[in-house]
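Values below: all heavy atoms of this structure, side chains included; hydrogens, waters and symmetry mates excluded. In what follows, residues are counted from 1 in the order of the sequence shown.
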Amino acid sequence: MTYDDIPHLSARIKPKQQKVELEMAIDTLNPNYCRSKGEQIALNVDGACADETGTYSSKLMDKQTFCSSQTTSNTSRYAAALYRQGELHLTPLHGILQLRPSFSYLDKADAKHREREAANEAGDSSQDEAEEDVKQITVRFSRPESEQARQRRVQSYEFLQKKHAEEPWVHLHYYGLRDSRSEHERQYLLCQGSGGVENTELVKSPSEYLMMLMPPSQEEEKDKPVAPSNVLSMAQLRTLPLADQIKILMKNVKVMPFANLMSLLGPSIDSVAVLRGIQKVAMLVQGNWVVKSDILYPKDSSSPHSGVPAEVLCRGRDFVMWKFTQSRWVVRKEVAAVTKLCAEDVKDFLEHMAVVRINKGWEFILPYDGEFIKKHPDVVQRQHMLWSGIQAKLEKVYNLVKETMPKKPDGQSGPAGLVSGDQRVQVAKRQAQQNHALLERELQRRKEQLRAASVLPGVRIKEEPVSEEGEEEEERGAEEAEEPMDTSPSGGLHGRLANGLPAGRAAGGDGFNGHPPSGSAGTPVARELRAFVEATFQRQFVLTLSELKRLFNLHLASLPPGHMLFSGISDRMLQDTVLAAGCKQILVPFPPQTAASPDEQKVFALWESGDMSDQHRQVLLEIFSKNYRVRRNMIQSRLTQECGEDLSKQELDKVLKDCCVSYGGMWYLKGTVQS
């Protein structure tokens, strides 16, 4: 009797689990079948009083169940082949299941055996006992399940097994090998194209074609651990891409000078590529590279000590790193008081990058690397921009004030700053050369005014201030070069850069008294700045000057070293570019007791973007030029009155979303709300 002659009782499948179960009849009349064994198995499974609901209703093991299991996870290297009339037809496979006998009936037999033993033990117990012993029962009420407990329960093995068991079976009908339906399905394994057309693509040699059909397996390489937590193989490390090598090294070492990193990567590695890669996984602290917090504490992780989420840990560790950019010494109690984290978490942060000194505190673990600072000023400036953004976040989250910021001690040398004396001299020389022409023109203008006053003593020439700040700023601009844009948050942190760079002057002034030099509107720097401003306001229609400067700092941090925008952009040049790009300043009437800084009170909005909502936004901006906060119904009535039509809810929501934020039932322009 062949396999096809055996009648199949049923087949069923669980699609989500890709699990197939096939129940096949056993030929009990075959001379190789042991009838006594079949009866014994049926008796053990169903017991003496078997009925139609039992596993073996015929009191004989007359069927066998086969369950599927996955043979391999990668089926891209396998195909089903059919050879017919000298042609080989290949069909790719998307899944391979192997059927194996299921012995679940043995579990049922064991369960029956245990039941019988329990019944016998109960029958042997004494019947003279009038009543059972009284036992104390403790009643407990279940508590509401927390979100973390629910997530742990959902990810448990028992829950997953229960979910798999609850998936319903889909019953299938089995067709034999010689059935007409099976023959019809097999036709799909044959290529339906015309057999007379030759395939011109098969022009490779048999060995090359075989290599294409069966490429070398890469499963073993993928299954190998990339970076064990306790062992790091340099031979295996150098087979990985450069970015992965840098990430693994920094994750294991935590703090490393750039020279050491280059020696570990090998002499053939380009230092420019390493500089580009290290900035993605580490931050510059005292000339050395410290791994970023989100690399050590990825998303959805938590502290092994206190259980706080990764976001809080990253913020606390960033604060410790920032403290080391200001000083070589950090006190653990001060960090714990600011971050509100447990002592174990703070100690972990400090052990990553510092060593403890008795009666002094924690000292940064590596010496100041002045050679790297001197050799790569562009990287230093870019890292400063990143630290400026982190400063602003730390001040806002931890409510830091100016008095709590660490101050540099007088007479601190070397590592106290990241700019040497020679560099400061060079910066001053360049500024003097760039501002010399402006100062000459200003001096010539004043001489002409004095000459005119001496010729006409009764006539006083009115001097127009060059900027909005008036004559005092004009005179001050003639004496000193323009300072760059202040990138620190409003009134919160000191004016010194996070990595020790002086915030007083940029590496090249761009104008006099807050204005760009004459003819600078067509310079590459001005065009690049305007492109950034236009792109930014197309995404966000309303921005304060403080928020715009923060976005500009992030933009600078994403630029390659040596970019033209690193030459220094002043507040006035940025504001002039915003106004030239079609934006208008909205004079929002802030309350007298507002805590907003001057930069936060300067609000700019894109007046025309070219879409259908321009008129609605302009009316909305006019409302906020007279009101600090407005109710939604007032905005809707004013828009209906000015536009002459009722706005739908979707249109009103779009206009409000573009320009406003809601807080406490009132609407404010973006960036102006003071919570």
Side-chain angles (χ1 to χ4, degrees), residues 1-34 38 58 61-105 164 167-224:
M1 182 178 292
T2 64
Y3 177 81
D4 193 55
D5 294 331
I6 299 176
H8 291 74
L9 298 180
S10 64
R12 55 185 185 174
I13 184 175
K14 287 187 176 182
K16 292 183 179 179
Q17 304 175 37
Q18 296 184 355
K19 184 177 181 181
V20 177
E21 192 175 272
L22 186 66
E23 198 175 74
M24 186 178 67
I26 298 177
D27 185 11
T28 58
L29 302 178
N30 192 289
N32 296 323
Y33 181 79
C34 182
S58 62
M61 182 180 177
D62 55 358
K63 57 185 177 181
Q64 175 67 53
T65 303
F66 293 84
C67 289
S68 65
S69 62
Q70 282 192 352
T71 58
T72 178
S73 58
N74 182 16
T75 59
S76 60
R77 301 174 60 246
Y78 297 94
L82 189 63
Y83 187 78
R84 179 170 292 185
Q85 297 179 0
E87 296 177 346
L88 183 63
H89 300 260
L90 299 177
T91 303
L93 298 179
H94 298 285
I96 301 176
L97 299 178
Q98 182 179 10
L99 290 174
R100 295 182 179 179
S102 174
F103 300 99
S104 58
Y105 59 88
H164 289 171
E167 184 181 357
W169 287 99
V170 178
H171 291 274
L172 307 174
H173 183 75
Y174 177 81
Y175 294 94
L177 181 64
R178 286 186 283 273
D179 191 275
S180 60
R181 179 67 65 87
S182 300
E183 182 63 29
H184 176 72
E185 292 294 331
R186 274 197 297 274
Q187 295 300 319
Y188 289 111
L189 299 178
L190 300 176
C191 181
Q192 304 299 322
S194 57
V197 180
E198 295 184 359
N199 192 347
T200 58
E201 295 182 1
L202 301 178
V203 294
K204 298 182 179 294
S205 64
S207 60
E208 291 176 335
Y209 177 68
L210 203 57
M211 183 64 68
M212 294 172 57
L213 185 63
M214 296 284 292
S217 175
Q218 298 181 357
E219 274 190 5
E220 296 182 359
E221 288 77 0
K222 291 181 180 179
D223 294 339
K224 289 181 181 178

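- Nearest heavy atom pair, residue Leu90 against residue Ala81, reads CD2-CB, 3.6 Å.
- For the residue pair Asn32 and Asn30, the shortest heavy atom distance occurs at N-OD1, 2.9 Å.
- Remark: Glu183 engages Arg186 in a salt bridge, criterion side-chain N to carboxylate O under 4.0 Å.
- To the nearest 0.5 Å, atoms CE (Met61) and OG1 (Thr28) are separated by 12.0 Å.
- Summarising the local packing, OH of Tyr33 is surrounded by more than 12 heavy atoms from other residues, nucleotides or ligands at distances under 6.0 Å.
- Counting only heavy atoms from C-beta outward, the side chains of Leu190 and His89 approach each other to under 4.5 Å.
- Residues passing the side chain to side chain contact (heavy atoms under 4.5 Å, CB included) test with Pro92, sequence neighbours excluded: none.
- Atom-to-atom distance recorded for Thr91:OG1 and Leu189:CG is 4.5 Å, nearest 0.5 angstrom.
- Interatomic distance, OG of Ser180 versus CD of Glu185, reported as 10.5 Å (0.5 Å rounding).
- The closest donor-acceptor contact from the side chain of Thr65 to the backbone of Ser102 lies at 3.5 Å or more, if one exists at all.
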